[in-house]
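Computed from heavy atoms alone, side chains included, the values below leave out hydrogens, waters and symmetry copies. Order of appearance sets the numbers: ligands from 1, and atoms from 1 within every ligand.
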Amino acid sequence: MDKLLIEGGARLVGETNISGAKNAALPILCAALLSAEPVTFTNVPQLKDVATLLALLGQMGVAIEREGDTVTLDASALTEPVAPYEMVKTMRASILVLGPLAARCGEARVSLPGGCAIGARPVDQHIKGLQAMGAEVAVEHGYVHVRASRLKGARLVADMVTVTGTENLMMAATLADGVTIIENAAREPEVVDLANCLIAMGAKISGAGSDIIHIEGVPRLHGARHHVMPDRIETGTYLCAAAATGGDIRLTGVLASSLDAVIDKLIEAGCTVHAEPDAIRLCAPPKLTAASLRTAPYPAFPTDMQAQFMALNCIAQGTAVIRETIFENRFMHAVELQRLGADIRIDGNTAIVCGIERLQGATVMATDLRASASLVIAGLVAEGKTLIERIYHLDRGYERLEEKLAALGANVRRIK
Ligand code: EPZ
């Protein structure tokens, strides 16, 4: 397994480009299942999770052509509306094929994703919504089995805000007979990006980005081209790395308006942030000020940025209180940060982080995607060497991470 070796102490300075958003690309690739005509997506990031999903779609009978960041998918000859366990277990977001397959084929068998390091990750809302649209859903032998002659429009109220739940049901509703209203819908920018892609394919959707989405079903969707939005979590991760290292960086190809809550926190921590429509510049102070935060659904502070911000608070002036309200077990990075000398106390879903002068390099282990990013940030500022093991987690969500960091002046290299 690959490892990342980081020599701490370098300031991040310079400019780098942000890739397409993983969490927009994954549902958008699944949207290809809804049409019998080819669709082409650009700015698709070259990530492990994207490769896994393309392999899954390929084995369903989708013809796939990939040229760098451009992917063309042709789902005219779907043969196998099944997502098997061995593929789903490596990438939970495979559940996003459920809605499109139910709508397009009237049948689907998708392995239950199962939990992951950060929580149980149930999909009851996805199932409840499809049942409300008239589907017969059975959960047996670890698979969700959906059957529906034709889905019917319905009024759906989510028990809690769910990003992929909203996306799955929105996709299913595009081909349903009648109007579907999704209430308590997720407002994440990735939901809006998916809606824009579906609209380009002929779907009739309004309200995406608000908590009530209105979808009028149509008989079929046609081909289209869509450019995937920039990755706001990758953007936030580099901003946190620059902030922690006292750096001065400019990120291009970004969507600054999708990161207001994170930018506000970075300013509260003492950074100067200058946002342009498609670029962001951050200048860090010599010493950061601790900034408390509470994760919540968009537009509040994103849970996917919590671990990165905890690393930043480890070496800030003062004490920060971090509350994680989305996932039940998303502090796995804390014990690894403690190995680097961080002063963190966990009390249920609250972490108290007392800033210290300097972290010490050590060997640490990545447990999930964003926790890994948090350890990278800590390694960049720790004294001496930090060796991060199991960095396959990083490769799932960050494109060419060590190259981009090295180009910004970090002393980092991958050890095969
Ligand atoms: C999406 O996961 C993202 N993944 C996650 O990013 C992100 O952390 C999460 O949204 C929250 O923003 C993708 O978009 C591919 P949820 P998702 O359904 O949709 C509970 C990353 O690092 N819930 O919004 O799976 C759930 O347990 C990943 O890129 C139910 O109880 O998250 C959680 O507590 C990690 N029943 C809360 O809702 C359901 O049916 C929010 O989960 C669905 C969700």
*If you have a sec, work out which protein heavy atom is nearest atom 40 (O) of ligand 1 and how many Å separate them, to one decimal?*
Gln125 N, 2.7 Å

*Check: Glu399 and Asp69 side chains under 4.5 Å, non-hydrogen atoms*: yes

*Above 12 or not: heavy atoms from other molecules or residues under 6.0 Å from CZ of Arg66?*
yes

*Top protein contact for atom 25 (O) of ligand 1, by heavy-atom distance*: Arg121 NH2, 3.1 Å

*Option nearest atom 31 (O) of ligand 1 (shortest heavy-atom distance, choices Glu328, Arg92, Met160)*: Met160

*With side chains defined as the heavy atoms from C-beta onward, is the minimum distance between Ile344 and Met310 less than 4.5 Å?*
yes

*Check whether NZ of the Lys or CZ of the Arg Arg109 lies under 6.0 Å from the centre of the six-membered ring of Tyr143 and within 45 degrees of that ring's axis.*
yes

*Which residue supplies the protein heavy atom nearest to atom 34 (O) of ligand 1, what is that atom called, and how far is it?*
Ile326 O, 2.6 Å

*Which option out of Asp49, Val163, Ile233, Asp124 puts a heavy atom nearest to atom 1 (C) of ligand 1?*
Val163

*For atom 32 (O) of ligand 1, the protein heavy atom that lies nearest, with its residue and separation*: Phe327 CZ, 3.9 Å

*Is Arg11 reaching over with its side chain to a backbone N or O of Gly246, donor-acceptor style, under 3.5 angstrom?*
yes

*Nearest heavy atom to atom 44 (C) of ligand 1: which of Gly165, Pro297, Ala158, Pro122 does it belong to?*
Pro122

*Any idea which of Thr295, Leu369, Ile95, Asp304 brings a heavy atom closest to atom 6 (O) of ligand 1?*
Asp304

_With nothing but distance in play, are any N or O atoms of Ala93 less than 3.5 Å from an N or O of ligand 1?_
no

*Is atom NZ of Lys48 surrounded by more than 12 heavy atoms (other residues, nucleotides or ligands) closer than 6.0 Å?*
no

*asked:* Heavy atoms only: which of Lys22, Glu188, Arg370, Arg330 lies closest to atom 35 (C) of ligand 1?
replied: Arg330

_Using a 3.5 Å distance criterion without hydrogens, assess whether the side chain of Ser374 forms a donor-acceptor pair with backbone atoms of Gln308._
no

*Whether Val161 lies under 4.0 Å from ligand 1, heavy atom*: yes

*With distance as the sole test, does Asn168 use its side chain to make a donor-acceptor pair with the main-chain N or O of Ile95 at under 3.5 Å?*
yes

_Between Asp368 and Arg390, does any NZ, NE, NH1 or NH2 come within less than 4.0 Å of an OD or OE carboxylate oxygen?_
no

_N or O contact, Thr164 vs ligand 1, cut-off under 3.5 Å_ = yes

*In terms of atom number and element, which parts of ligand 1 are under 4.0 angstrom from non-hydrogen atoms of Thr303?*
8 (O), 11 (C), 12 (O)

*From the options Ile127, Thr325, Asn23, Leu53, select the one whose nearest heavy atom is closest to atom 3 (C) of ligand 1.*
Asn23

*Can you tell me if Glu324 uses its side chain to pair, donor with acceptor, with the backbone of Ile326 under 3.5 Å?*
yes

*Does Thr162 reach ligand 1 with a nitrogen or oxygen that is under 3.5 Å from one of the ligand's nitrogen or oxygen atoms?*
yes

